[in-house]
Amino acid sequence: MIQLLFSLVFAEMALIVTFVFKTPLRKLVIMGLDRLKRGRGPIVVKTIAGTLFLLMVSTVYNVVAIQRRCILDGAEVNPTDHVILATHLLQASLTGFSLFLALMLDRLHHYIRELRIRRKSAESVKKQNRIFYDNRAPAPEEIKVLEDEMSKLRGMVSRLENQLQEKSKEPGSAEANAMALKKQSEGFLLEYDRLLEENQNLRNQLRSLDRKFSFSDGKKVM
């Protein structure tokens, strides 16, 4: 039994050392513990831990019983009881130490897994922020260009309307020119409406990106 406890303690110490250093073996150990904690694994581990704990309690009780018997008898501990006492103390110490190392392994595995999850979430937030900035940068420039084109078209439409009004005041020979100018003015108005719609779409996209960025920042702060 003592040899088995020694083997268990050394195995747990080796696993703890594996957790400390970032090596490919640590990834395999983490994957193995992940599978162990699924299904019936936790029940089996808790059963083994409970058995070891009861064994430790029983061993400590035997040690106390031997010492109490020697005190009540008023005699010194004989060699046989001394060997049994030392064996029980060693067994209880190894059992308690193995339980402690098992608890350390469980906590280390939990913290490493939580750290990996938080790193992945942080990377996803950084990726969203990068996409936001990549998409956000050209939007104001495009809006500015569209506004300049809209202002130019607005001026051209106003000039054409003035020309149309002037031509309408002339004799009937200028009626054909007035109709042509009217058609041209309608074409400019359609182009103006199209640019206005594109400008509104770009503004909506910019507002959606702003809301997405604000949501990402709020999630990151939480």
Side-chain angles (χ1 to χ4, degrees), residues 1-131 212 215-222:
M1 185 66 183
I2 293 177
Q3 293 179 353
L4 181 61
L5 290 174
F6 268 116
S7 301
L8 179 61
V9 168
F10 282 121
E12 290 173 344
M13 290 174 63
L15 290 177
I16 290 175
V17 172
T18 304
F19 277 136
V20 171
F21 300 100
K22 188 176 182 181
T23 58
L25 184 61
R26 184 174 75 171
K27 187 176 180 180
L28 295 176
V29 173
I30 292 174
M31 292 175 61
L33 290 177
D34 287 336
R35 292 183 179 180
L36 182 63
K37 289 185 177 181
R38 297 174 184 172
R40 297 182 179 179
I43 299 175
V44 175
V45 172
K46 290 179 181 179
T47 303
I48 295 174
T51 304
L52 289 175
F53 181 76
L54 291 177
L55 178 62
M56 183 184 69
V57 172
S58 176
T59 305
V60 172
Y61 178 79
N62 291 331
V63 170
V64 174
I66 292 172
Q67 289 181 348
R68 182 181 298 174
R69 186 182 62 198
C70 294
I71 293 172
L72 292 177
D73 293 342
E76 295 182 356
V77 181
N78 56 44
T80 303
D81 290 338
H82 187 74
V83 172
I84 294 174
L85 184 63
T87 304
H88 285 325
L89 285 174
L90 180 60
Q91 184 174 342
S93 301
L94 291 175
T95 305
F97 193 51
S98 63
L99 290 174
F100 175 73
L101 291 178
L103 181 62
M104 291 291 295
L105 278 173
D106 180 68
R107 292 296 88 193
L108 282 174
H109 174 257
H110 174 73
Y111 292 139
I112 290 174
R113 186 175 59 183
E114 288 294 326
L115 182 61
R116 290 175 61 186
I117 293 173
R118 291 183 181 276
R119 283 180 177 176
K120 288 182 180 179
S121 62
E123 288 177 358
S124 64
V125 171
K126 288 181 181 179
K127 187 176 180 180
Q128 291 177 358
N129 292 339
R130 193 181 304 114
I131 293 174
K212 186 176 180 181
F215 177 75
S216 300
D217 286 341
K219 186 177 180 182
K220 186 175 180 182
V221 171
M222 291 176 65

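Quantities reported herein were computed from a predicted structural model and do not represent experimental measurements. By convention here, the first residue in the shown sequence is residue 1.
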Would you be so kind as to tabulate the donor-acceptor pairs closer than 3.5 Å made by side chains of residues 87-112, with sequence neighbours excluded?
residue: T87; atom: OG1; partner: V83; partner atom: O; Å: 2.8
residue: S93; atom: OG; partner: L89; partner atom: O; Å: 2.8
residue: T95; atom: OG1; partner: Q91; partner atom: O; Å: 2.7
residue: S98; atom: OG; partner: L94; partner atom: O; Å: 3.2
residue: S98; atom: OG; partner: T95; partner atom: O; Å: 2.6
residue: D106; atom: OD1; partner: K37; partner atom: NZ; Å: 2.9
residue: H109; atom: ND1; partner: K37; partner atom: NZ; Å: 2.9
residue: H109; atom: NE2; partner: D34; partner atom: OD1; Å: 2.7

Please list every donor-acceptor pair under 3.5 Å in which a side-chain atom of residues 46-53 meets a protein atom from a residue at least two apart or in another chain.
residue: T47; atom: OG1; partner: I43; partner atom: O; Å: 2.7
residue: T51; atom: OG1; partner: T47; partner atom: O; Å: 2.8

Pairs of donor and acceptor atoms involving the side chains of residues 24-32, under 3.5 Å and at least two apart or interchain, shall be tabulated with distances.
residue: R26; atom: NH1; partner: F19; partner atom: O; Å: 3.2

(request) Scan residues 112-122 for pairs that pass side chain to side chain donor-acceptor pair (under 3.5 Å), counting only residues two or more places apart or in two chains. (result) none
(request) Quick one: which residue pairs count as a salt bridge (charged side-chain N to carboxylate O under 4.0 Å, His left out) with a foot in residues 8-18, not counting sequence neighbours? (result) none
